[in-house]
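Here the structure comes first, spelled out in structure tokens, and everything after it is commentary.
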Amino acid sequence: MRGGELVGGLGRLVGAATGAAAQAAAGLGEAGRQVVRRGGQGAAAGGRWAHTALASVAPPAVPATEPWKLSVGTLIGRHPLTPAVVHKLLGLLDGLGAVHLGPSKAGFDGEEIEWDKVVEIRTRNAFEVLTTTALEQEVDRIRELLPPVPGRKWVVTKAGEALTTVVLAALERASADQRLDELTVPARIVHRGLLGRQRTLDAGAFAAAVLVVTDRAGESLIATARKRGIPVLPAEELAGPTDAARVTALRERTDSVARLLSRIEQSDPETAGAVEAAGAVGNGETAGPAPLSLDKGASGDSGAPQGG
């Protein structure tokens with residue numbers, strides 16, 4: 001898939017959307033174009049479906065009026081080749097990344113907190129939460145969350161593509177529209193746990209990326225909290241790098257995630273052979289042509305999607 005064809009596909013997707021969904025898709029389309037320009041030819045070829053799926057999800061109301069969720073499983077469920085047998089298992093992937101919103105609960109990554117127990121919402125700047133280390137940890141956990149069912153290898157590969165594509169789109173959107181450290185997202189929920197002890201729930205890399213790419217999700221979370229009289233405060237500041245160091249770090253993160261996505265795509269039966277071999281993540285080192293495997297190993301699963 002050539003970069004120009006990917007841009008054209010994203011443009012047609014944006015043109016087909018309307019209303020609030022059109023605004024969300026427009027932002028995503030620009031992020032996708034940035035991915036193509038910086039990620040290099042073929043870097044987002046297999047991830048195109050994730051852009052399409054993400055833009056097809058209508059944003060939540062502001063404030064929330066009904067339950068809404070955007071997760072890794074949500075995106076995979078919208079892929080036309082998702083095996084029917086695993087549709088009912090996609091909720092298991094919420095732990096990899098999800099944003100939950102609603103009039104009675106909110107949360108991240110498979111954990112929902114009743115609003116009555118929420119003490120405050122804290123915002124963090126996107127530079128702090130969109131790190132390659134956090135993403136790599138989530139990618140490593142993918143194969144642990146699905147049982148050995150037909151089509152499992154295909155699903156875990158798509159989960160890796162969804163994770164990296166959305167994080168890459170968020171990094172690129174930030175670099176195109178606003179400095180990453182000036183973009184804030186409501187990424188921490190402070191709440192009462194057992195025995196009334198104060199606890200915190202932090203958004204993972206995918207959830208934080210969703211809040212960057214889908215503006216209305218963050219707006220809804222903040223508006224719902226304020227409607228209930230829950231304070232929204234900035235999280236404690238971390239010592240930040242200099243401007244020059246931020247630019248360097250953003251470029252390194254973006255390039256590393258693009259390489260990781262390229263490696264994941266090589267293990268995808270749909271795109272293997274359609275993308276070029278990419279370098280290993282980190283420190284500018286290069287890797288051999290062997291693809292990154294997300295599968296646990298021999299389980300009788302050929303990797304091709306199967307129903308059942």
Side-chain angles (χ1 to χ4, degrees), residues 1-59 69-82 90 93 96-99 126 130 135 138-139 154-155 157-177 205-218 253-255 257-266 268 270-271 274-275 278:
M1 171 78 55
R2 296 180 62 84
E5 293 173 348
L6 176 56
V7 172
L10 289 170
R12 287 191 294 274
L13 172 65
V14 171
T18 59
Q23 295 179 358
L28 181 61
E30 176 56 29
R33 285 188 285 273
Q34 292 292 326
V35 168
V36 173
R37 284 196 289 268
R38 284 182 51 86
Q41 182 176 357
R48 181 181 61 171
W49 71 269
H51 285 286
T52 302
L54 181 55
S56 73
V57 178
K69 181 177 76 172
L70 205 163
S71 66
V72 172
T74 300
L75 299 185
I76 296 175
R78 295 187 176 223
H79 193 292
L81 296 181
T82 299
L90 293 178
L93 296 175
L96 284 176
V99 175
L130 292 178
L135 175 62
E138 293 183 356
V139 168
W154 183 88
V155 173
T157 299
K158 290 303 177 189
E161 289 178 0
L163 275 166
T164 50
T165 298
V166 175
V167 171
L168 184 55
L171 288 170
E172 291 294 356
R173 179 172 185 177
S175 65
D177 298 343
F206 177 89
V210 166
L211 293 170
V212 170
V213 176
T214 310
D215 294 337
R216 287 275 294 276
R253 290 180 193 181
T254 304
D255 293 344
V257 175
R259 288 195 297 268
L260 178 58
L261 173 58
S262 214
R263 294 178 65 207
I264 290 172
E265 287 169 353
Q266 292 177 74
D268 185 348
E270 285 188 62
T271 59
V275 295

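Worth saying up front: this structure is predicted, and the values here are computed from it rather than measured.
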(Q) Which heavy atom of Glu138 sits nearest to which heavy atom of Ala205, and what is that distance? (A) OE2-N, 3.1 Å
Q. What's the shortest heavy-atom distance between Ala126 and Val212, and which atoms?
A. CB-CG2, 4.0 Å
**Q.** By side-chain contact (heavy atoms from CB on, under 4.5 Å) - contacts of Ala162 (at least two apart)
**A.** Trp49, Val72, Leu75
Q.
Looking at Leu211, is its backbone amide N or carbonyl O close enough to the side chain of Thr214 to form a donor-acceptor pair, meaning the two atoms are under 3.5 Å apart?
A. no
Q: Compare all side-chain heavy atoms of Leu54 with those of Arg78 and state whether any distance is below 4.5 angstrom.
A: no
Q: State, to 0.1 Å, how close Leu163 and Leu96 come at their nearest heavy-atom pair, and which atoms those are.
A: CD2-O, 3.8 Å
Q.
To the nearest 0.5 Å, what is the distance between OG1 on Thr82 and CH2 on Trp154?
A. 3.5 Å
**Q.** Atom of Val155, atom of Ile76 and distance for their closest heavy-atom approach
**A.** O-CD1, 3.9 Å
Q. Side chains of Glu161 and Leu261: does their closest heavy-atom pair fall under 4.5 Å?
A. yes
Q: Can you see which heavy atom on Val213 is nearest to which on Ala169, and at what distance?
A: CG2-C, 4.1 Å
Q. Where do Leu93 and Ala159 come nearest, in terms of heavy atoms and distance?
A. CD1-CB, 4.4 Å
Q. Any donor-acceptor pair under 3.5 Å linking the side chain of Ser262 with the backbone of Arg259?
A. no
Q. Run the side-chain contact (heavy atoms from CB on, under 4.5 Å) check on Phe206 and Leu70 step by step: do they pass?
A. CA-CA 10 Å; Phe206 177 89; Leu70 205 163; 4.2 Å; yes
Q | Under 3.5 Å donor-acceptor, Thr52 side chain and Arg48 backbone | A | yes
